[in-house]
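In this text, all values refer to a predicted model and were calculated from it rather than measured experimentally. Counting starts at 1 for both ligands and their atoms, in listed order.
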Amino acid sequence: MNNSEKCFQQAKLSIPGGVNSPVRSFSSVKRNPLFIDSAKGAYVFDIDGNEYIDYVGSWGPMILGHNHPKIQEAVINATNKGLSFGAPTKPEITMAELIKKHISSIDKVRMVNSGTEATMSAIRLARGYTGKSKIIKFEGCYHGHVDSLLVKAGSGALTFGKPSSAGIPDDTTKDTLVCQFNDIKSVEQAIKNNENEIAALIIEPVAGNMNCILPKDNFLKKIRELCNLNKIILIFDEVMTGFRVNYKSAQGYYDVQPDLTCLGKIIGGGLPAAAFGGKSEIMDMLAPNGPVYQAGTLSGNPIAMAAGTACLQTLMNEKNFKDLDHKSKSLTSGLLTVANDYKVPFKTSQIGGMFGLFFTNQESISTFKDVNQCNQEHFLKFFNEMLDQGIYLAPSSFEAGFISLAHTQDLIEQTINASETAFKEIAKVI
Ligand SMILES: *Cc1c(COP(=O)(O)O)cnc(C)c1O
């Protein structure tokens with residue numbers, strides 16, 4: 001790993017921490033990051049010539065596998081026409097219609113460049129539409145690096161949140177209430193304490209930024225009811241789960257219609273594109289129709305629209321989602337079997353093309369607190385042993401894993417076999 005090592009030292013001299021997004025630094029797995037040279041299908045290749053079976057998938061977009069020929073071709077064709085015009089184009093209509101076709105809660109959709117922009121704009125829109133200020137979010141859910149959403153629970157979960165980053169004034173988060181995922185009582189209480197003041201509730205319908213936590217006991221349906229009763233705009237942040245967990249995204253899978261939906265990752269096919277959309281009545285509050293301002297120089301960029309459209313058109317059939325679900329099930333159940341063989345306390349979760357690995361013997365893992373109680377040392381050993389055998393997992397125990405259509409059963413078997421060594425090593429320190 002000499003070349004990666006050298007590049008990391010060089011990068012640190014001109015890029016903060018050597019990376020353009022912190023999780024890439026590998027700091028939570030206590031080693032230096034690999035610099036990637038190229039990727040194809042289920043593999044990434046580093047600049048030292050090593051190959052890895054990749055379960056990060058660029059953090060979600062690569063659901064068809066890396067550098068899929070259909071996307072590559074669409075991008076090349078689009079570049080022949082020019083890169084950006086700052087004026088309306090046909091590919092934007094194609095993309096909007098594709099999204100609407102598959103997500104029935106969306107009548108109108110606005111394109112942006114990142115998930116962060118999508119959630120930030122959806123929050124502003126909900127506030128503009130309702131004329132109220134407060135918002136509810138959930139501990140452990142991540143919605144990008146928006147000031148008002150970078151909060152952690154205060155002293156009690158029912159007080160307003162505290163900024164979780166330096167540089168955010170307390171005043172910015174004083175309107176953000178932090179509730180517990182899968183705990184409907186915490187939501188009821190927050191609403192009761194702030195009657196008629198809550199504009200929006202934002203949630204990842206499947207939490208994918210605190211490992212992978214599924215909603216349970218009709219949690220999402222109950223939230224929908226509470227939002228209806230209290231005229232709160234329900235925002236599903238499906239930046240990760242959109243076209244990932246199911247053919248109809250998480251809202252279709254759980255049969256709950258949000259008022260607004262945020263999308264990203266997969267809809268850009270690997271290029272920067274994201275979106276927020278919902279009911280016409282709400283979306284028409286946006287400029288130029290309405291008083292809520294929102295804009296973007298490169299929004300709806302034709303190259304990004306070409307990549308995203310090719311990705312969705314190739315991906316969207318139910319067989320592909322059965323396939324993804326089957327593959328992630330076979331991976332998680334295979335790993336579980338090996339963990340049990342070595343008596344390593346271990347649990348998994350999975351839905352569609354995403355999965356979670358938990359080093360714990362807790363009966364159920366349904367909140368951020370539960371995830372925090374997992375064994376960090378075991379995860380560290382697992383991650384490092386797997387990487388040394390050519391399996392590239394997310395370098396943090398708070399991230400979900402991703403499967404692509406390019407992950408063959410053979411590669412999944414290889415991964416499960418590699419885990420033998422990893423679980424054996426962990427068993428030695430139990
Ligand atoms: C990745 C992610 C975001 C942020 O998207 P960026 O494109 O990184 O700004 C927001 N919400 C969720 C649920 C995400 O997974």
Ligand-residue contact atoms, ligand 1 with Ser114, heavy atoms, under 4.0 Å: 7 (O), 9 (O)
Ligand 1 versus Asn209: contacting region, heavy-atom distance under 4.0 Å: side chain
Any N/O pair Tyr142/ligand 1 closer than 3.5 Å: yes
Flag for Asp54-Tyr43: side-chain donor and acceptor within less than 3.5 Å: no
Geometric class of the Phe219/Phe138 ring pair [parallel <30°, tilted 30-60°, perpendicular >60°]: perpendicular
Thr116, any N or O under 3.5 Å of ligand 1 N or O: yes
Nearest protein heavy atom with distance in Å, relative to atom 5 (O) of ligand 1: Gly115 CA, 3.2 Å
Whether His102 and Tyr247 hold their rings parallel, tilted or perpendicular, with breakpoints at 30° and 60°: perpendicular
Heavy-atom protein neighbour under 4.0 angstrom from atom 7 (O) of ligand 1: yes
Enumerated ligand 1 atoms positioned under 4.0 Å from heavy atoms of Asp237: 10 (C), 11 (N), 12 (C), 13 (C)
Salt-bridge criterion met for Lys108 and Asp284 (N-O under 4.0 Å): yes
His145 contact mode with ligand 1 (heavy-atom cut-off under 4.0 Å): neither
Sub-4.0 Å atoms of ligand 1 with respect to non-hydrogen atoms of Lys265: 1 (C), 2 (C), 3 (C), 14 (C), 15 (O)
N or O contact, Val239 vs ligand 1, cut-off under 3.5 Å: no
Those atoms of ligand 1 less than 4.0 Å from some heavy atom in Met240: 15 (O)
Within 6.0 Å of CZ in Phe35, more than 12 heavy atoms from elsewhere: yes
Residues Phe382, Phe359; criterion ring-ring contact (aromatic ring centres under 6.0 Å, His included); working and verdict: CA-CA 9 Å; Phe382 189 77; Phe359 291 87; 5.3 Å; yes
Heavy-atom check, side chain of Ile223 versus side chain of Leu234, under 4.5 Å: yes
Test: Lys279 and Asp259 ion pair at under 4.0 Å: yes
Ligand 1 versus Glu204: contacting region, heavy-atom distance under 4.0 Å: side chain
